[in-house]
Amino acid sequence: MRFTTRAIHGGFPKDPQSKAVTFPIYQTSTFSQEHPGEPVEFMGRALSYARTENPTRTALEASLAELEEARYGLAYPTGLAAVTCVMNTLNAGDHVIACSDLYGGCYRMFTKVYSRHGIEFSFVDATDLTTLASAFRENTRLVWLESPSNPLLNVTDLAAASAIARERGATSIVDNTFATPYLQRPLELGADVVLHSTTKYINGHADVVGGALLTNSDELYQRLKFVQNACGLVPAPQDCFLINRGLRTLALRMERHCDNAEKVAEFLSQHDKVERVYYPGLATHCGHGIAKKQMKRFGAMLSFDLKADVEKSKRFAASLKYFTLAESLGAIQSLICHPPTMTHASVEPDVRKSVGISDGLIRISVGLEDPEDLIEDLGEALSAL
Ligand SMILES: *Cc1c(COP(=O)(O)O)cnc(C)c1O
């Protein structure tokens with residue numbers, strides 16, 4: 001089965017009991033047992049209490065696993081809840097290597113929450129494999145990768161980075177939110193775990209928040225599944241239903257997202273009011289070669305610096321017709337944000353500077369509108385600068 005078909009027919013598209021063509025919402029907190037301690041088996045899972053198992057969640061987890069071609073999938077109420085689950089498998093005294101250009105919320109959780117719990121972090125430029133390799137310590141347990149990264153679209157060689165982690169006995173995890181499994185499959189490249197904020201492209205319609213973890217490892221799955229239940233990191237069935245509906249069209253949406261983003265990137269990179277465009281699909285981008293090797297296409301996230309001061313750049317971000325000024329990404333509608341005051345406000349200014357995030361940086365998530373409208377809109381706002 002090819003990806004587009006798998007997204008539609010994979011997992012449990014039908015409810016095995018009612019044969020409903022769209023998997024239903026099991027809105028219940030618990031399940032009755034005929035004999036004490038012998039819960040009913042359904043879809044291969046023992047149904048006792050909805051924190052532990054819920055069929056709507058099981059259906060979503062099976063679909064997510066299909067998309068990444070993983071043996072196991074786990075669904076979470078948010079992307080950060082999936083991150084929490086991973087961090088809760090570690091012990092005080094463990095060391096984590098994370099890429100320096102990563103999602104602001106992950107950086108905040110690592111530095112403000114888990115460092116208080118005795119976990120040590122090193123943030124390194126993972127695009128430089130020598131730097132990555134030299135960051136390992138005796139107690140390094142986890143290597144946290146994100147590619148393309150947020151907000152600068154830096155590209156890490158995931159096969160090489162995962163191999164370095166494996167050689168040193170550490171687990172590698174890739175935040176694959178920007179690329180989606182349609183464009184990039186880190187497990188095939190050797191990563192141990194894949195993470196998604198399903199809030200973004202996988203759901204795709206800006207109407208729910210969610211997260212996911214995928215793995216082929218029995219041992220990692222058992223540990224993560226234990227923490228998911230023990231810490232109550234579970235999504236509600238309504239949200240599972242929406243994400244399971246959204247992901248059916250992932251392939252179609254991603255093709256159009258990429259078509260539109262390529263056109264927008266080309267337009268911006270040739271505009272005389274634009275200083276620099278960060279998009280891995282441009283031959284001038286430093287990660288273009290590796291992106292070409294490990295991704296099917298280049299995604300629909302891009303950032304740019306204007307030839308304007310910070311205040312003008314911020315006004316520009318608020319002046320577009322079809323690009324809504326909002327955090328988040330991966331929705332049908334185009335979104336625009338100013339990372340230094342929005343998604344990356346929790347990253348200290350000197351850290352932002354050191355990783356190359358300028359104070360005027362603009363990030364866009366190119367949606368599914370007509371690309372001509374998007375380009376006209378950007379062109380008008382740029383002329384008004
Ligand atoms: C949004 C996002 C997250 C966090 O997910 P939430 O669903 O907002 O909790 C993690 N990583 C990346 C790359 C993201 O874009």
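Both ligands and their constituent atoms are indexed starting at 1 by order of listing.
Contact check for E219 versus Q222: no side-chain heavy atoms found under the 4.5 Å cut-off.
Between E311 and R315 there is no salt bridge, since no side-chain N of the basic residue sits under 4.0 Å from a carboxylate O of the acidic one. Salt-bridge check for R6 with E69: passed, with a basic side-chain N closer than 4.0 Å to an acidic carboxylate O. Taking a cutoff of 4.0 Å between a charged side-chain nitrogen and a carboxylate oxygen, K263 and E266 do not qualify as a salt bridge.
For F110, the ring pair (Phe, Tyr, Trp, His ring centres under 6.0 Å) criterion is met by F121, W144, not counting sequence neighbours.
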**Message:** Show, in sequence, the C-alpha distance, side-chain angles and deciding distance for R297 and D259, and conclude whether the salt bridge (charged side-chain N to carboxylate O under 4.0 Å, His left out) test is met.
**Reply:** CA-CA 9 Å; R297 293 184 72 180; D259 287 345; 2.8 Å; yes
May I have a table of the N/O to N/O pairs between ligand 1 and the protein that fall below 3.5 Å, each row giving the two atom names and the distance to 0.1 Å?
residue: ligand 1; atom: 5 (O); partner: S197; partner atom: OG; Å: 3.1
residue: ligand 1; atom: 7 (O); partner: G79; partner atom: N; Å: 2.9
residue: ligand 1; atom: 7 (O); partner: S197; partner atom: OG; Å: 2.8
residue: ligand 1; atom: 7 (O); partner: T199; partner atom: OG1; Å: 2.7
residue: ligand 1; atom: 9 (O); partner: G79; partner atom: N; Å: 3.1
residue: ligand 1; atom: 9 (O); partner: L80; partner atom: N; Å: 2.9
residue: ligand 1; atom: 11 (N); partner: D175; partner atom: OD2; Å: 2.6
residue: ligand 1; atom: 15 (O); partner: K200; partner atom: NZ; Å: 2.8

